[in-house]
Amino acid sequence: LSLLIYILSSWWNWWYGGSFSTRVLLDYYVFLALLFMFAYQLVESKLIKNILIPVCFSLIVLCQIQAYQYRYYVINNEGMTKEEYWDVFLKLKK
């Protein structure tokens, strides 16, 4: 998996033309989901499971907000600095 991600990210245009997320990994999402599911089943601690679910849900919500921000140009695909990113973090309008 690490080798695959490395190879797919080694293209000279590593941001893949300004899209949101790494689109070349889309075909592998099902395998990543299966790996996550198996890893989740291996965890026996209830405490870790009770922490993992809200963390995953929060990251999914963050991704959806950022996809919205990207679509409506709140965050841009090129030249975004750390300061600009934190200035618009979780904001739905500029």
Side-chain angles (χ1 to χ4, degrees):
L1 181 62
S2 297
L3 180 64
L4 176 70
I5 292 172
Y6 175 77
I7 290 170
L8 294 176
S9 300
S10 293
W11 186 37
W12 68 271
N13 191 6
W14 59 268
W15 63 91
Y16 292 94
S19 63
F20 186 74
S21 83
T22 308
R23 296 291 180 207
V24 295
L25 288 178
L26 191 63
D27 296 334
Y28 302 97
Y29 279 1
V30 68
F31 300 113
L32 295 171
L34 287 172
L35 284 173
F36 179 78
M37 181 190 68
F38 290 136
Y40 182 78
Q41 287 180 343
L42 289 175
V43 173
E44 295 192 15
S45 170
K46 285 224 178 242
L47 176 65
I48 293 176
K49 284 186 175 185
N50 289 339
I51 292 172
L52 194 58
I53 291 174
V55 167
C56 288
F57 180 75
S58 299
L59 291 173
I60 290 169
V61 170
L62 174 64
C63 182
Q64 294 303 308
I65 290 171
Q66 289 183 332
Y68 177 89
Q69 287 177 318
Y70 179 80
R71 181 176 182 180
Y72 293 103
Y73 306 107
V74 177
I75 56 177
N76 59 25
N77 61 352
E78 292 183 16
M80 192 77 170
T81 65
K82 179 175 67 171
E83 291 79 19
E84 291 172 343
Y85 173 77
W86 285 112
D87 189 44
V88 296
F89 184 71
L90 299 179
K91 293 181 183 174
L92 299 179
K93 295 181 180 180
K94 279 191 173 184

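Every heavy atom of this structure was used, including side-chain atoms; hydrogens, water molecules and symmetry mates were not.
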If I take atom OG1 from residue Thr81 and atom CG from residue Asn76, how far apart are they, to the nearest 0.5 angstrom? 9.0 Å
If Ile, Leu, Val, Met, Phe, Trp and Tyr residues are connected whenever their side-chain heavy atoms lie under 4.5 Å apart, and connections chain through other members, are Trp86 and Met80 in the same group? yes
Drop me the distance from Ile48's CD1 to Ile53's CD1, to the nearest 0.5 angstrom. 12.5 Å
Do you reckon Leu4 sits in the same ILVMFWY cluster as Val30, going by side-chain contacts under 4.5 Å, direct or chained? yes
ILVMFWY cluster, Phe31 and Tyr40 together (side-chain gap under 4.5 Å): no
Looking only at non-hydrogen atoms, find the nearest pair between Gln66 and Phe89 and report the distance. NE2-CE1, 4.4 Å
Closest heavy-atom pair and its distance - Lys91, Gln69: O-NE2, 2.6 Å
Show the numbers, then the answer: is there a side chain to side chain contact (heavy atoms under 4.5 Å, CB included) between Leu35 and Tyr28? CA-CA 11 Å; Leu35 284 173; Tyr28 302 97; over 6 Å; no
Rounded to the nearest 0.5 Å, what's the gap from CG on Leu42 to CE on Met37? Could you check? 10.0 Å
Start with the C-alpha distance between Gln41 and Phe38, add both sets of side-chain angles, then the distance that settles side chain to side chain contact (heavy atoms under 4.5 Å, CB included), and finish with yes or no. CA-CA 5 Å; Gln41 287 180 343; Phe38 290 136; 3.9 Å; yes
List the steps and the verdict of side chain to side chain contact (heavy atoms under 4.5 Å, CB included) for Val74 and Tyr68. CA-CA 8 Å; Val74 177; Tyr68 177 89; 5.5 Å; no
CG of Leu52 to OG of Ser45: how many Å apart, nearest 0.5 Å? 10.5 Å
When rounded to the nearest 0.5 Å, the distance separating CG of Leu32 from CG of Asp27 is 11.0 Å
Look at the side-chain heavy atoms of Ile, Leu, Val, Met, Phe, Trp and Tyr, link any pair under 4.5 Å apart, and say whether Tyr72 and Val88 land in one connected group. yes
When you group the ILVMFWY residues by side-chain heavy-atom contacts below 4.5 Å and let the links chain together, are Leu62 and Phe36 in the same group? no
